Amino acid sequence: MSNGSQSKALNSIKNWYATSKQEAGLYIALVALIIFLSIASPAFLNAENILNIIRQVSIVGIIAIGGFMVILTGGMDISVGYVAALTGIVVAKLTIDMNVPMPLSITAGMCVGLLAGLLNGTLSTYLNLPSFIVTLGTMQICQGAGYVVTQATPISNFPESFVELGRGYLGPIPIPVIILAALYIFMSLFMKYSKFGTYCYALGGNKESARLSGIRVNRIQVLVYILGGLFSSLGGLIVAARTNAGSAQVGGTYLFDVFTACVLGGTALSGGIGRLPGVVVGCIFVGILNNGLVQLNVDSFYQMMVQGIVLVIAVVLQSLMTREKRKKSNKQ
């Protein structure tokens with residue numbers, strides 16, 4: 001093995017160790033949370049409650065794949081929740097109110113994510129606009145469109161075949177969990193071994209260096225936003241199937257959960273650092289925390305406070321760890 005190859009191998013091992021060490025704190029916190037809730041609420045370990053948690057985690061986890069990719073490349077997409085909601089509304093409107101065949105309705109619903117991602121990526125990349133502002137605008141468009149289409153009344157009663165997507169099982173395992181596991185395995189391998197994944201990390205680490213090395217930065221950035229929109233739409237399909245309705249009111253909670261899961265899972269807000277396995281653990285932590293607060297009958301206003309505190313702590317810790325990691329990289 002050449003000296004260059006040895007150096008790359010050593011750097012990969014060091015980066016893996018640093019990231020794993022960073023995620024270890026989350027694993028400890030997750031175990032502590034489970035132990036606490038098991039003692040504080042006897043109903044927490046109930047089989048029905050566990051199923052409820054993993055279904056919710058599955059939805060957040062699918063949407064979080066796209067959110068992770070956008071943050072990894074140094075961007076921000078706060079439209080994910082309402083893109084998911086509008087996807088379910090479009091499918092419901094076409095299928096239930098207009099009798100459009102389900103495959104065409106689902107295709108139209110996925111186009112919501114495609115178009116939202118294309119809009120976000122094009123404006124933030126080629127016009128060099130702040131991604132936060134662009135995606136805030138997209139969020140408002142999707143939210144408003146959802147209320148216009150539904151008139152603030154959910155469109156319900158999907159065909160049973162569609163409802164199975166969110167409520168069905170394959171053996172003892174809920175279908176959303178199988179979808180999440182398949183997507184995370186595929187995307188983890190894809191991000192680790194493909195050139196596209198390497199480019200995403202390079203882009204998030206230093207956009208100008210990525211450009212100078214020959215990476216088509218703008219194209220990668222737009223593709224990432226499109227993928228983010230498509231994952232949001234896929235999550236929206238499962239939400240609609242699970243609730244058996246297309247509703248404009250379901251989008252508000254997913255932004256917080258997705259963002260918190262990514263940060264807790266070790267994804268640096270500055271880009272270039274993060275792993276999907278960490279994100280899925282972050283999703284599990286958020287899902288258990290939200291469920292535990294309900295199980296303990298914590299008032300909804302106090303739930304918001306606790307969730308906000310968790311997010312702030314996660315951002316602070318992530319910022320400190322990222323700063324330390326970048327200092328070590330610069331010294332090397």
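Not measured: the values here are computed from a predicted model.
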Enquirer: Is there side-chain contact between T138 and C142, with at least one heavy-atom pair below 4.5 Å?
Expert: yes

Enquirer: Can you list everything that forms a side chain to side chain donor-acceptor pair (under 3.5 Å) with T95? Sequence neighbours excluded, please.
Expert: S105

Enquirer: When clusters are formed from ILVMFWY side-chain contacts under 4.5 Å, directly or step by step, what else is grouped with V31?
Expert: I35, I39

Enquirer: Work out which heavy atom in V250 is nearest to a heavy atom in A85; give both atom names and the distance.
Expert: CG2-CB, 3.8 Å

Enquirer: With side chains defined as the heavy atoms from C-beta onward, is the minimum distance between V224 and C200 less than 4.5 Å?
Expert: yes

Enquirer: Which residues end up grouped with L119 if you chain together Ile, Leu, Val, Met, Phe, Trp and Tyr wherever their side-chain heavy atoms are less than 4.5 Å apart?
Expert: L123, L127, L129, V134

Enquirer: Run the ring pair (Phe, Tyr, Trp, His ring centres under 6.0 Å) test against F158 and tell me which residues pass, sequence neighbours left out.
Expert: F162

Enquirer: Would you give the length of the straight line joining atom CG of L255 to atom CD1 of I78, rounded to the nearest 0.5 angstrom?
Expert: 6.5 Å

Enquirer: Just so I know, are the side chains of S79 and N120 near enough to count as touching, which here means a heavy-atom distance under 4.5 Å?
Expert: yes

Enquirer: Which side-chain N or O atoms in residues 41-63 pair as donor and acceptor under 3.5 Å with protein atoms at least two apart or in another chain?
Expert:
residue, atom, partner, partner atom, Å
N46, OD1, E48, N, 2.8
N49, OD1, N291, ND2, 2.8
N49, OD1, Q295, NE2, 3.0
N49, ND2, F44, O, 2.8
N49, ND2, N291, OD1, 2.9
N52, OD1, R242, NH2, 2.6
R55, NH1, G166, O, 2.7
R55, NH2, R167, O, 3.1
R55, NH2, Y169, OH, 3.1
Q56, OE1, R242, NH1, 2.7
S58, OG, I54, O, 2.6

Enquirer: Give the other cluster members for L212, using side-chain heavy-atom distances under 4.5 Å between Ile, Leu, Val, Met, Phe, Trp and Tyr residues; answer none if it is isolated.
Expert: none

Enquirer: Say whether, by atom type as modelled, one donor and one acceptor occur between the side chain of Q143 and the main chain of A248 under 3.5 angstrom.
Expert: no

Enquirer: So, using side chain to side chain donor-acceptor pair (under 3.5 Å) as the criterion, who are the partners of S209 when residues are at least two apart?
Expert: N206

Enquirer: Is a donor on one side and an acceptor on the other found under 3.5 Å between the side chain of S124 and the backbone of S131?
Expert: no

Enquirer: For residues S233 and G113, report the shortest heavy-atom separation together with the two atoms involved.
Expert: OG-N, 2.9 Å

Enquirer: Could you grab the distance from atom CG of L183 to atom CD1 of I65, nearest 0.5 Å is fine?
Expert: 4.5 Å

Enquirer: Listed by chain and number, what are the ring pair (Phe, Tyr, Trp, His ring centres under 6.0 Å) partners of F196, not counting sequence neighbours?
Expert: F190

Enquirer: Partners of K207 by side chain to side chain donor-acceptor pair (under 3.5 Å), sequence neighbours excluded?
Expert: none

Enquirer: Does any part of the side chain of Y254, heavy atoms only, come nearer than 4.5 Å to the side chain of V80, both counted from C-beta?
Expert: no

Enquirer: Quick one: are F231 and M187 in side-chain contact, heavy atoms under 4.5 Å?
Expert: yes

Enquirer: Using 0.5 Å steps for rounding, measure from the OH atom of Y201 to the OG1 atom of T73.
Expert: 11.0 Å

Enquirer: If I take atom CD from residue Q221 and atom CD1 from residue I215, how far apart are they, to the nearest 0.5 angstrom?
Expert: 12.0 Å

Enquirer: Shortest non-hydrogen contact from A261 to V286?
Expert: N-CG2, 4.0 Å

Enquirer: With distance as the sole test, does S156 use its side chain to make a donor-acceptor pair with the main-chain N or O of A245 at under 3.5 Å?
Expert: no

Enquirer: Within the distance-only criterion (no hydrogens, no angle test), does the side chain of S213 pair as donor or acceptor with the backbone N or O of A210 below 3.5 angstrom?
Expert: yes

Enquirer: Mind checking whether F259 and M76 have side chains closer than 4.5 Å, heavy atoms only?
Expert: yes

Enquirer: Which atom pairs, one a donor and one an acceptor, fall under 3.5 Å between side chains of residues 145-154 and the rest of the protein, sequence neighbours left out?
Expert:
residue, atom, partner, partner atom, Å
T150, OG1, G146, O, 2.8
T150, OG1, A152, N, 3.2
Q151, NE2, V148, O, 2.8
T153, OG1, Q151, O, 3.4

Enquirer: Any chance you could measure L289, atom CG, to I284, atom CD1, to the nearest 0.5 Å?
Expert: 13.5 Å

Enquirer: Does I273 reach the side chain of T267, with side-chain heavy atoms less than 4.5 Å apart?
Expert: no

Enquirer: Once salt bridge (Lys or Arg N to Asp or Glu O under 4.0 Å) is applied, what residue pairs with a partner in residues 84-98 remain, sequence neighbours excluded?
Expert: K93-D97

Enquirer: What are the two closest heavy atoms between R219 and Y126, and how far apart are they?
Expert: N-OH, 4.3 Å

Enquirer: Counting C-beta onward and ignoring hydrogens, is there a side-chain heavy-atom pair between V217 and E208 closer than 4.5 Å?
Expert: no

Enquirer: Sort out for me which residue in V298, D299, I288 forms a side chain to side chain contact (heavy atoms under 4.5 Å, CB included) with L293.
Expert: V298

Enquirer: What is the distance from atom CG of L276 to atom CG of L72, rounded to the nearest 0.5 Å?
Expert: 8.5 Å

Enquirer: Going by the rule side chain to side chain donor-acceptor pair (under 3.5 Å), which residues pair with T260 if we only count those two or more places apart in sequence or in a different chain?
Expert: none

